[in-house]
Amino acid sequence: MRWATRAGVHIDRAACAWLIRRHLDAEAEFVFVDDPALVPADATPFDMRGAELSHHGGDCSFETILRRYELDDPVLWKLAEIVHEADLDDERFDAPEAAGVDVILRGLSMICDDERVLEITGPLFDGLYEFHRRALLLGREPA
Amino acid sequence: MLLAYRIPRQPSTLRITIWRKLDRLGVARLGDGLVALPADARTREQLDWIAEEIGEMGGSATVWLAVPGNAAQERAIAEEMRRARAAEYRAVAEQAEAAASARPGERSRTIKRLQAELRRIGRRDYFPPIEREAAQRAVRALVRVVEGAG
């Protein structure tokens, strides 16, 4: 399937792309556009104004996708807190990782294109997921 | 960049939510339902999402890339934003100085809180005033007091 989002991806779009590839559509193909009007007819838009899979009622797009596709994995919701704070910084959650992830994504967007950002951040989110999966199982920070 | 918006009067919690979000972004208030921010990718995105949220709560909002009619207007708005941040930095500096005589545990908590506050102010500080340096110095000095007390 094809998925479309705004060019110049940052934390929320990179995390959504990872979530889509890992949990919704392993064959996902991403299109980056500058204007919502340029979204191809066969592509599902996300993290764009007017799209269903976008910010809603104070949620970031990552949280919206979790709700919309009923992904109730608590580890994904833990990552959602980090993505939410890195993206919106509204202090709804206590997510100390957010500041670091935000800076890493902003820096990456300065040195590579959107395709490459998704390539690099794939393992980054895989690692965050694994860390928090183990933390949840152990009930404390894993070594 | 401008956000022109109208929010339904009731419920007032929605209005307050939006006001808080705009305050956190450090907007200049140009009039009733009209706020401004310097345009960059991040502020653009933030205002777009707030506009969307206002639409979802039954209000209306439009985002504009605007050019001021003359340079003096632009300077006046920048100056107002600088003054607003300067007051926030002064408050941090005062709290840091006051905490020097507090109990050690209390001092450490104050340091954490003030460091977070400095980061928050820094994110909405588009025209840094000289008070920024003084506030950072005051918090660093407080850190040294705590370390010295070891």
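A, B, ... follow the sequence lines: proteins, then strands. Residue 1 opens every chain.
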Trainee: What part of B/Glu56 gets within 4.5 angstrom of chain A, counting heavy atoms only: side chain, backbone, both, or neither?
Mentor: side chain
Trainee: Side-chain donor-acceptor pair under 3.5 Å between B/Asp32 and B/Tyr5, yes or no?
Mentor: no
Trainee: Decide, yes or no, whether a salt bridge links A/Arg6 with B/Glu45 under the criterion of side-chain N to carboxylate O below 4.0 Å.
Mentor: yes
Trainee: Between A/Asp126 and A/Trp18, do the side chains contain an N or O donor and an N or O acceptor separated by less than 3.5 Å?
Mentor: yes
Trainee: Please determine, by modelled atom types, if B/Gln95 and B/Arg113 share a side-chain donor-acceptor pair under 3.5 angstrom.
Mentor: yes
Trainee: For A/Asp12, is it the side chain, the backbone, both, or neither that has a heavy atom closer than 4.5 Å to a heavy atom of chain B?
Mentor: neither
Trainee: Under a 4.0 Å N-O cut-off, is there an ion pair linking B/Arg83 with B/Glu88?
Mentor: no
Trainee: Looking only at heavy atoms and a cut-off of under 4.5 Å, which of A/Asp47, A/Asp87, A/Leu88 has the most pairs with chain B?
Mentor: A/Asp47
Trainee: Of B/Leu3, B/Ile50, B/Thr43, which meets side-chain contact (heavy atoms from CB on, under 4.5 Å) against B/Leu25?
Mentor: B/Ile50
Trainee: Can you list the residues of residues 115-127 of chain B that sit under 4.5 Å from chain A, counting heavy atoms only?
Mentor: B/Arg120, B/Arg123
Trainee: What part of B/Ala51 lies closer than 4.5 angstrom to a heavy atom of chain A: side chain, backbone, both or neither?
Mentor: both
Trainee: Could you name each residue pair satisfying side-chain hydrogen bond (donor to acceptor under 3.5 Å, both in side chains) that touches residues 94-112 of chain A, not counting sequence neighbours?
Mentor: A/His10-A/Asp102, A/Glu97-A/His132, A/Asp102-A/Arg106
Trainee: Between A/Glu63 and A/Arg67, is there a salt bridge with N-O shorter than 4.0 Å?
Mentor: no
